[in-house]
Amino acid sequence: MLQIQGLTKQFGTVRAVDGVTLSVPPGQMVGVIGRSGAGKSTMLRLINRLEDPTEGRVLFGDLDVSALKGRGLRGWRARCAMIFQQFNLVGRLDVLGNVLLGRSYAVATPRALLKLWAEQDKAIALSALEQFDMGLLAAQRADTLSGGQQQRVAIARALVQQPDVILADEPIASLDPRNTRTVMDALRRINQELGITVLCNLHDLDIAKAYCDRLVGMAAGKVVFDGRPESLTESEAHELYGLEAGEVIDLPMPVQVPAHVASARLADRRAASAH
Ligand SMILES: Nc1ncnc2c1ncn2[C@@H]1O[C@H](COP(=O)(O)OP(=O)(O)OP(=O)(O)O)[C@@H](O)[C@H]1O
Ligand SMILES: [Mg+2]
C-alpha cells in the first residue's frame with residue numbers, strides 16, 4: 001500500500017501540493033487529473049523523491065520513503081519507476097541499450113557503467129520489448145523512433161526495473177490518438193497482468209475515465225475529487241477543469257473504451273450489483 005500523508009510542497013509563496021492524503025492499494029491504476037498548475041507533477045515527483053516535501057510523508061508498506069537517503073533512496077527509485085511526457089531516452093543509444101538502463105538499478109554499478117550486461121539482462125530487456133511489439137527495433141537508434149515507439153521503449157525500460165509502482169507524468173501528451181491508445185494499453189496491461197500500481201497524470205478526462213480504476217482530481221494542490229471514474233459528475237468535471245457552466249471540455253477526439261477495459265468494467269459492475 002502506498003500511503004501519502006499530509007503531503008505538502010511549498011515553492012516560495014506557492015503551495016504546489018497542499019496537504020494531500022491518499023492511500024493507493026497495490027495493483028490500482030489511478031488517474032490524476034486537473035488543470036495546469038494543479039500540482040499533479042509535483043505530487044508524482046514527491047512520491048519518487050525527485051522533490052522533498054515541505055511537510056507530510058510518503059509510506060510504502062513499512063518503508064518511510066520520505067526518510068530515505070543514499071542506497072535506500074536508490075532502492076526506492078528502482079521500485080518506483082517514472083515515465084515522462086518527453087520519453088527521456090538516450091537518443092544515440094540503441095533501443096535495447098535504453099531498456100538495459102532500467103536494469104542498471106538491479107545490477108552492480110560498475111558493471112552498469114561499463115555496459116557489461118549479462119546475457120540474462122539482455123534477455124529480460126528483449127522480452128520486455130517484445131511484449132510491446134518492439135523486439136524487431138532492438139538494434140535501432142532511439143532517436144529514429146516515432147513518439148509512440150519511444151514511449152513504449154520508456155515503458156519497457158521502466159518494466160525491467162521490476163518496479164512495484166509506475167509513476168507516469170502525462171505519458172501521452174506528445175502523442176497522436178493512435179499512439180495514445182497503444183501507450184495507454186501498454187500501461188493498463190502491465191498494471192493488470194503484473195499487478196504493478198500505476199499513478200498516471202492525464203490531461204485528457206476521457207482517456208483517464210476509460211483506463212483508470214480511480215480518479216484523483218486536484219485543484220490548487222488539493223485533492224478535490226477521489227472516486228471511481230463513473231462517479232465523477234459533469235459539474236464536478238467542469239469545476240475541476242475550471243470551466244464555467246456551459247463550456248465544453250475540449251477533447252481532441254472521442255475515445256473508444258478498449259474491449260478488455262470495457263469487459264473488466266462490466267464484470268466489476270456485475271460483481272457490485274450482485275452484492
Ligand atoms: N521547481 C519549482 N519551482 C517553483 N514553482 C514550481 C516548481 N515546480 C512547480 N511549481 C509550481 O507549482 C505549481 C504546481 O505545478 P505542477 O507542475 O505540479 O502542476 P501540474 O498539475 O503538473 O501542471 P501541468 O498540467 O501544467 O503539468 C505551479 O504553480 C507551478 O508553477
Ligand atoms: Mg505536470
Side-chain angles (χ1 to χ4, degrees), residues 2-22 24 29-58 65-66 73 76-77 80-89 147 150-151 154-155 158 165-177 179-180 183-184 187 197-212 214-227 229 232 236-244 247-253 255:
L2 177 69
Q3 283 183 290
I4 298 169
Q5 297 179 340
L7 200 61
T8 297
K9 180 68 184 182
Q10 182 122 12
F11 292 113
T13 56
V14 176
R15 278 186 169 241
V17 171
D18 191 0
V20 168
T21 295
L22 284 176
V24 182
M29 179 140 171
V30 182
V32 183
I33 56 172
R35 64 198 294 193
S36 184
K40 307 181 294 294
S41 296
T42 306
M43 186 168 77
L44 292 200
R45 294 168 63 81
L46 286 165
I47 296 171
N48 183 266
R49 287 283 309 275
L50 288 170
E51 300 281 358
D52 287 326
T54 313
E55 283 166 43
R57 58 184 190 159
V58 175
V65 171
S66 327
L73 182 55
W76 169 243
R77 293 208 175 119
C80 175
M82 221 51 217
I83 290 169
F84 301 92
Q85 176 179 347
Q86 292 305 333
F87 327 126
N88 289 18
L89 300 183
Q150 288 194 49
Q151 196 59 299
I155 293 173
V165 180
I166 287 186
L167 305 173
D169 193 0
E170 308 277 1
I172 53 168
S174 311
L175 304 179
D176 63 27
N179 278 309
T180 288
V183 164
M184 289 308 296
L187 283 174
T197 306
V198 176
L199 264 76
C200 191
N201 288 350
L202 292 164
H203 261 116
D204 187 319
L205 184 58
D206 266 7
I207 292 280
K209 281 181 159 179
Y211 283 93
C212 299
R214 172 182 179 185
L215 298 185
V216 169
M218 291 184 73
K222 292 189 159 69
V223 172
V224 294
F225 175 86
D226 184 2
L232 180 75
E236 281 171 323
H238 274 85
E239 209 168 305
L240 205 49
Y241 285 92
L243 302 173
E244 297 299 322
E247 272 186 277
V248 176
I249 298 175
D250 185 24
L251 296 167
M253 61 170 283
V255 172

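Since this is a predicted model, take the numbers as computed values, not measurements. As the structure lists them, so they are numbered: ligands from 1, and atoms in each ligand from 1.
With M218 as reference, V32 is the one residue of V224, V32, L240, I33 to meet the side-chain contact (heavy atoms from CB on, under 4.5 Å) rule. Residue L44 is tested with L199, L50, I83 for a side-chain contact (heavy atoms from CB on, under 4.5 Å); the sole match is L199.
Assignment of G34 to the shell around ligand 1 is not supported, since no heavy atom sits closer than 4.0 Å. Distances shorter than 4.0 angstrom occur between a heavy atom of H203 and an atom of ligand 1.
Inspection of the D18 and T8 side chains reveals no N or O donor paired with an N or O acceptor under 3.5 Å. Under the 3.5 Å distance criterion, with hydrogens and angles disregarded, no donor-acceptor pair is assigned to the side chains of T42 and E51.
Look at S36 and the Mg ion (ligand 2): no N/O/S atom of the residue is under 2.8 Å from the metal.
With hydrogens left out, the protein atom closest to atom 25 (O) of ligand 1 is K40 NZ, 2.7 Å, a heavy atom. Remark: minimum distance from atom 10 (N) of ligand 1 to any protein heavy atom is reached at F11 CD1, 3.5 Å. Annotation: atom 26 (O) of ligand 1 to nearest protein heavy atom, S36 OG, 2.5 Å. For atom 23 (O) of ligand 1, the nearest protein heavy atom (residue, atom name, distance) is G37 N, 2.8 Å.
Below 4.0 Å from some heavy atom of T42 lie the following atoms of ligand 1, by number and element: 9 (C), 15 (O), 16 (P), 18 (O).
Using a 4.5 Å heavy-atom cutoff, the side chains of S174 and F87 are in contact. The closest side-chain heavy-atom distance from L2 to I47 is below 4.5 Å.
The option from S41, A16, A219, A173 that lies nearest to atom 17 (O) of ligand 1, judged by heavy atoms, is S41.
Taking a distance limit of 4.0 Å, we find that atom 7 (C) of ligand 1 is approached by some protein heavy atom.
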